[in-house]
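For reference, the structure is listed below as structure tokens.
Both backbone and side-chain heavy atoms feed into the values below; hydrogens, waters and symmetry mates do not.
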Amino acid sequence: MKYAIITGSSRGLGEAIAKRMLEEKVKVIGVARSENEEFKMLAKQLGGEYHFYPCNLASTTEIRSVFHEISELTFNEQTEQVYLINNAGMIEPIETAGQLDDHAIATNVQVNLTAPIQISNLILKNASESKTPLTIVNVTSGAAERPVHGWSLYCSTKAGINMFTKTTGLELENQQSQMKVIGYSPGIMDTEMQSTIRSSSEEAFAELDTFKGYKEKGMLRTPTVVANALVLLMLEGKVDNGKIYYVNDLI
Ligand SMILES: NC(=O)c1ccc[n+]([C@@H]2O[C@H](COP(=O)([O-])OP(=O)(O)OC[C@H]3O[C@@H](n4cnc5c(N)ncnc54)[C@H](OP(=O)(O)O)[C@@H]3O)[C@@H](O)[C@H]2O)c1
């Protein structure tokens, strides 16, 4: 039995990864605040297995209890492989430093950085204790590597997740572990996150016209294409610990 634990499974890239995993006969555990109702029917049609755990990743307490339950389901003697895809993310607040709201700062750091670290830590521990092969994918962004006017939180948290991925990858290599952790930079995709970006103000976000142009010129990839590239990489199993993979190099 193989399991894929996918955060942000309700829409966008997470939804597309979950669908593809079900098609590949991997049991899917979706995590988000809202449930995507399509999955129950899809799992039935494909003869697969799908579980949904509602969780607000802005709460460390909720994460602890929900991922404890998920671990009880996932780590057992029949489990051959677990994939953890830390995909959930948020772009807001889109605002220049000096104008940021305290609560919005804390939420962005929690959802984009603290949550994937907390979840990786918990799942690594359980996989190690039960000797279950594990591959973790942290979904990152090109914004981790270049400053974007108006995205100081998003750029910083994605840069943080890249460094967490590289450091954890180094530790796993030094421990000669069979467990893997990689990053995945998905490029620009036609999802709700891009609608949020296009609805921001020019004052707060200097590249507004460029991003509107991506949509108008059809330059945004579908999440399905981006998810398929990642799932193929994961199922092939030959990944380098700590490496950030770029969708453009995979398709
Ligand atoms: N779209 C792009 O062009 C692009 C580019 C580079 C990187 N990325 C990265 O790709 C990943 C997926 O993005 P996307 O474009 O698919 O975004 P999206 O369409 O906005 O979906 C975001 C997902 O994250 C979940 N989420 C957000 N806040 C949450 C919270 N507090 N608790 C639990 N779940 C939460 C949402 O579920 P609920 O609302 O149901 O909770 C949703 O399923 C993100 O990490 C993003 O940074 C996207």
Same apolar cluster (I L V M F W Y, side chains within < 4.5 Å links), Ile251/Ile182: yes

Worked check of side-chain contact (heavy atoms from CB on, under 4.5 Å) between Met21 and Tyr83: CA-CA 10 Å; Met21 283 294 192; Tyr83 302 102; 4.1 Å; yes

Hydrophobic cluster membership, Leu42 vs Ile29, 4.5 Å side-chain cutoff: no

Nearest atoms (heavy-atom pairs only) where Met179 meets Leu124: SD-CD2, 3.8 Å

Inter-residue atom distance Ser71.OG - Leu122.CG, 0.5 Å rounding: 5.0 Å

More than 12 heavy atoms from other groups under 6.0 Å of NZ on Lys25: yes

Side chains of residues 47-58: which donor-acceptor pairs under 3.5 Å do they make with residues two or more places apart or in other chains?
unit_1	atom_1	unit_2	atom_2	d
Glu49	OE1	Lys27	NZ	3.1
Glu49	OE2	His51	NE2	2.8
Tyr50	OH	Glu35	OE2	3.1
Asn56	OD1	Ala58	N	3.0

Side-chain hydrophobic cluster, 4.5 Å single linkage: members besides Val111: Met90

Main-chain N/O of Glu145 paired to Lys158 side chain as donor or acceptor, under 3.5 Å: no

ILVMFWY network linking Leu22 to Ile17, side-chain heavy atoms under 4.5 angstrom: yes

Sub-4.5 Å side-chain heavy-atom contact between Leu172 and Lys180: no

Side-chain donor/acceptor of Thr140 to backbone N/O of Ser185, under 3.5 Å: no

Pro93 vs Asp101 side-chain heavy atoms within contact, under 4.5 Å: no

From Ile136 atom CD1 to Ile5 atom CD1, the distance as rounded to the nearest 0.5 Å: 9.0 Å

Salt bridge (charged side-chain N to carboxylate O under 4.0 Å, His left out) contacts touching residues 205-226 (sequence neighbours left out): Arg146-Glu207, Asp190-Lys215

Those residues that, when tested against Glu173, pass side chain to side chain donor-acceptor pair (under 3.5 Å) (two or more places apart): Asn241

Cluster check Val82, Ile63: I/L/V/M/F/W/Y, side chain < 4.5 angstrom: yes

Side-chain heavy atoms of Ser9 within contact of Val28, under 4.5 Å: no

Pairs involving residues 86-98, ordered by first then second residue, that meet salt bridge (charged side-chain N to carboxylate O under 4.0 Å, His left out) (sequence neighbours left out): none

Minimal non-hydrogen separation, Ala4 against Ile85, with atom names: CB-CD1, 4.3 Å

Identify each donor-acceptor pair in which a side-chain atom of residues 225-240 lies under 3.5 Å from a protein atom, sequence neighbours left out, and give them as a table.
unit_1	atom_1	unit_2	atom_2	d
Asn228	OD1	Arg20	NH1	3.2
Asn228	ND2	Thr224	O	3.4

Any residue meeting ring-ring contact (aromatic ring centres under 6.0 Å, His included) with Tyr246, in chain and number order, not counting sequence neighbours: none

Check: Thr165/Asn162 side-chain N/O donor and acceptor closer than 3.5 Å: no

Pairwise side-chain contact, Thr60 with Gln110, heavy-atom cut-off 4.5 Å (strictly under): yes

Check: Glu80 side chain, Met1 main-chain N or O, donor-acceptor pair, under 3.5 Å: yes

Ile123 side, atom CD1; Thr132 side, atom OG1 - distance, nearest 0.5 Å: 10.0 Å

ring-ring contact (aromatic ring centres under 6.0 Å, His included) partners for Phe67, two or more places apart: none

Closest heavy-atom pair and its distance - Ser10, Asn36: O-ND2, 3.0 Å

Whether over 12 other heavy atoms sit under 6.0 Å from His149 NE2: yes

Glu24 side chain reached by Lys2 side chain, heavy atoms, under 4.5 Å: no

Min side-chain heavy-atom separation Glu15-Pro223 under 4.5 Å: no

Listed partners of Asn87 passing side chain to side chain donor-acceptor pair (under 3.5 Å), at least two apart: none

Atom of Gly14, atom of Ile6 and distance for their closest heavy-atom approach: O-CG2, 3.8 Å

Connected-component partners of Phe205 among ILVMFWY, side-chain separation under 4.5 Å: Ile91, Ile94, Val148, Trp151, Tyr154, Ile188, Met193, Ile197, Leu208, Phe211, Tyr214, Met219, Leu220

Atom CG of Asp102: over 12 foreign heavy atoms under 6.0 Å: no

For the student: nearest non-hydrogen atoms of Ala204 and Thr96, plus distance: O-CG2, 4.0 Å

Note, Ile70 side chain near Val31 side chain (heavy atom, < 4.5 Å): yes

Tyr245-Val137 co-clustered via ILVMFWY side chain contacts under 4.5 Å: yes

Spacing of Met163 atom CE and Thr168 atom OG1 [to the nearest 0.5 Å]: 11.0 Å

OH on Tyr184 to CG on Leu13, rounded to 0.5 Å: 7.0 Å

Distance-minimising heavy-atom pair for Leu73 and Asn76: O-ND2, 3.2 Å

Partners passing side chain to side chain donor-acceptor pair (under 3.5 Å) against Ser152 (at least two apart in sequence or in another chain): none

Partners passing side chain to side chain donor-acceptor pair (under 3.5 Å) against Thr157 (at least two apart in sequence or in another chain): Asn108, Asn112

Exam field: side chain Thr79 to backbone Thr74, donor-acceptor pair closer than 3.5 Å: yes

Distance (rounded to the nearest 0.5 Å) between Asn86 CG and Ile117 CD1: 9.5 Å

Check ion pair Glu23-Lys19 (N to O, under 4.0 angstrom): no

